[in-house]
Amino acid sequence: MPSIKITLLGHASFRLEPDTGEVIYFDPWLDGNPACSLRVADVEAADVVIVTHGHDDHVGDAFAVCKQTGATFVGNYELCLTAAKNGLEMGTQAVPLNPGGTVEVKGIRVTATQAFHSLSMSPNQALGPEPEEAYFRPDGAVCGMVMAFGNGITVYDTADTTVFSDMQLIGQMYGPQVAILPVGGLYTMGIREGARAASLIRPDIVIPCHYGEAVGQPADIDALSDAVAFLSPNTQVVKLDPGQSVTYRASHFEVGT
């Protein structure tokens with residue numbers, strides 16, 4: 001039975017491991033992440049690193065993980081230009097796409113979707129020391145990512161965003177069984193918006209992220225579960241603690257370590 005193991009590393013950072021054998025790191029903010037115990041030095045293997053936008057809590061340690069493991073970087077065009085400045089060859093080690101585009105990397109089809117969030121590249125992502133009075137420079141886009149795996153399972157990570165009605169279209173077009181949603185309610189949508197997003201996408205399970213006391217964005221996940229149960233009865237909310245995993249198996253899941 002096809003399956004995928006999804007581990008919340010902390011905040012909005014995930015590791016995805018389908019039963020086809022690939023290892024994917026998604027928005028890997030590891031070193032310096034107060035909600036994550038895994039460090040870059042601990043990462044032994046990765047095939048693909050996917051990044052949604054240029055804020056430190058998402059692009060984080062992506063380039064370091066790629067250089068350490070030989071993984072292929074996937075992100076918007078501007079992020080790939082930054083990746084190239086950090087030593088990853090554009091087009092081979094750094095594969096660009098923008099909203100509406102699809103690339104296939106290591107057997108995984110990655111489609112970028114729209115998302116609504118502030119567009120900027122954190123100052124320290126440039127090489128060398130930060131200039132005096134550094135500021136956030138424009139990034140190309142914030143992208144949600146739909147990941148279609150070779151075993152037939154599709155995961156949609158909305159990235160940092162508010163709810164928007166075209167989430168229904170994304171759900172209809174790509175049919176994700178798993179959705180990952182931010183619910184911190186400060187820099188992204190909160191519980192109310194997250195529940196509505198789940199009802200538009202209608203996956204089998206929703207994994208909330210981008211919340212918690214460690215990052216100053218508490219959220220009532222029990223209230224989220226109640227709201228999702230009312231708006232989308234066939235969708236279940238799966239709350240993961242940092243370091244905890246969920247294994248999704250063709251409409252079934254198990255929470256474990």
Side-chain angles (χ1 to χ4, degrees), residues 5-17 22-90 92-97 105-106 108 110 112 117-118 120-130 134 136-137 139-143 145 147 155 157 159-160 180 182 184 187-188 207 209-212 214-217 240-245:
K5 180 181 179 181
I6 301 173
T7 303
L8 172 62
L9 302 176
H11 188 53
S13 303
F14 288 87
R15 183 174 59 238
L16 297 90
E17 300 168 275
E22 301 85 5
V23 178
I24 298 91
Y25 278 81
F26 194 97
D27 281 352
W29 177 35
L30 309 179
D31 294 353
N33 182 345
C36 181
S37 61
L38 185 74
R39 296 293 177 253
V40 172
D42 301 324
V43 178
E44 296 180 353
D47 295 295
V48 183
V49 174
I50 301 172
V51 173
T52 60
H53 61 291
H55 292 167
D56 278 338
D57 60 333
H58 293 265
V59 65
D61 300 295
F63 307 137
V65 170
C66 286
K67 287 190 281 189
Q68 180 165 300
T69 64
T72 301
F73 179 88
V74 176
N76 71 45
Y77 180 72
E78 288 76 10
L79 277 174
C80 284
L81 290 177
T82 306
K85 291 289 187 181
N86 281 270
L88 303 177
E89 184 178 351
M90 175 72 88
T92 55
Q93 295 171 297
V95 179
L97 78 171
V105 180
K106 310 282 179 76
I108 304 158
V110 182
H117 189 55
S118 55
S120 57
M121 187 76 69
S122 294
N124 63 307
Q125 292 303 328
L127 292 179
E130 290 185 30
F136 283 67
R137 289 168 169 79
D139 183 11
V142 178
C143 301
M145 296 290 184
M147 296 160 278
V155 178
D157 190 311
D160 286 4
I180 300 173
Y187 299 112
T188 69
I207 302 172
C209 69
H210 209 290
Y211 72 94
V215 290
Q217 298 170 61
L240 296 178
D241 295 324
Q244 193 173 25
S245 304

Open item on the list: If we ignore hydrogens and angles and just use 3.5 Å, is the side chain of Gln68 paired with the main-chain N or O of Val40 as donor and acceptor?
Closed with: yes
Task: Nearest heavy-atom neighbours spanning Leu30 and Asp61 - done: N-OD2, 2.7 Å
- [ ] Keeping the roles fixed (side chain from Ser13, backbone from Asp27), state whether a donor-acceptor pair exists under 3.5 Å.
- [x] yes
Open item on the list: So, taking the atom named CD1 in Ile207 and the one named OG in Ser245, what distance separates them when rounded to the nearest 0.5 Å?
Closed with: 9.5 Å
Open item on the list: Is there a side-chain contact between Pro96 and Met90 in this structure, where contact means two heavy atoms from C-beta onward sitting under 4.5 Å apart?
Closed with: yes
Below 3.5 Å, can you tabulate the donor-acceptor pairs from side chains in residues 78-87 to any protein atom, sequence neighbours excluded?
unit_1: Thr82; atom_1: OG1; unit_2: Glu78; atom_2: O; d: 3.2
unit_1: Asn86; atom_1: ND2; unit_2: Thr82; atom_2: O; d: 2.8

- [ ] Any chance you could lay out the side chain to side chain contact (heavy atoms under 4.5 Å, CB included) test for Ile180 and Val155, step after step, and finish with the verdict?
- [x] CA-CA 8 Å; Ile180 300 173; Val155 178; 4.1 Å; yes
Task: Spatial distance of atom CD (Glu89) from atom OG1 (Thr72) [nearest 0.5 Å] - done: 11.0 Å
TODO: Show the numbers, then the answer: is there a side chain to side chain contact (heavy atoms under 4.5 Å, CB included) between Glu22 and Val105?
DONE: CA-CA 10 Å; Glu22 301 85 5; Val105 180; over 6 Å; no
Task: Polar side chain donor-acceptor pair, His11 to Asp57, under 3.5 angstrom - done: yes
- [ ] Look at the rings of His53 and His58 and say which category their plane angle falls in: under 30° parallel, 30 to 60° tilted, over 60° perpendicular.
- [x] tilted
Open item on the list: To check you understand the geometry: which heavy-atom pair defines the closest contact between Tyr211 and Gly184, and what is its length?
Closed with: CB-CA, 3.9 Å
Open item on the list: Which residue is it: Phe63, Phe26, Tyr25? I am looking for the one with a ring pair (Phe, Tyr, Trp, His ring centres under 6.0 Å) to Phe73.
Closed with: Phe63
TODO: Find the distance between CZ (Phe14) and CG (Leu8) and round it off to the nearest 0.5 Å.
DONE: 4.5 Å
Open item on the list: Which heavy atom of Asp160 sits nearest to which heavy atom of Val142, and what is that distance?
Closed with: O-CG1, 3.7 Å
Task: Approximate separation, where rounding is to 0.5 Å, of Ile108 CD1 and Ile50 CD1 - done: 6.5 Å
Task: Exercise: identify the closest heavy-atom pair between Gly10 and Pro242 - done: CA-CB, 4.3 Å
Open item on the list: Between Ser122 and Asp56 (side chain of the first, backbone of the second, donor and acceptor by atom type, cut-off under 3.5 Å), is there such a pair?
Closed with: yes
- [ ] Identify the two heavy atoms, one from Lys106 and one from Asp47, that lie closest to each other, and give their separation to 0.1 Å.
- [x] NZ-O, 3.0 Å
Open item on the list: If you compare all heavy atoms of Met121 against all heavy atoms of Gln125, which two are closest, and at what distance to 0.1 Å?
Closed with: CG-CB, 4.0 Å
Task: Worked check of side chain to side chain contact (heavy atoms under 4.5 Å, CB included) between Leu38 and Arg15 - done: CA-CA 11 Å; Leu38 185 74; Arg15 183 174 59 238; 4.0 Å; yes
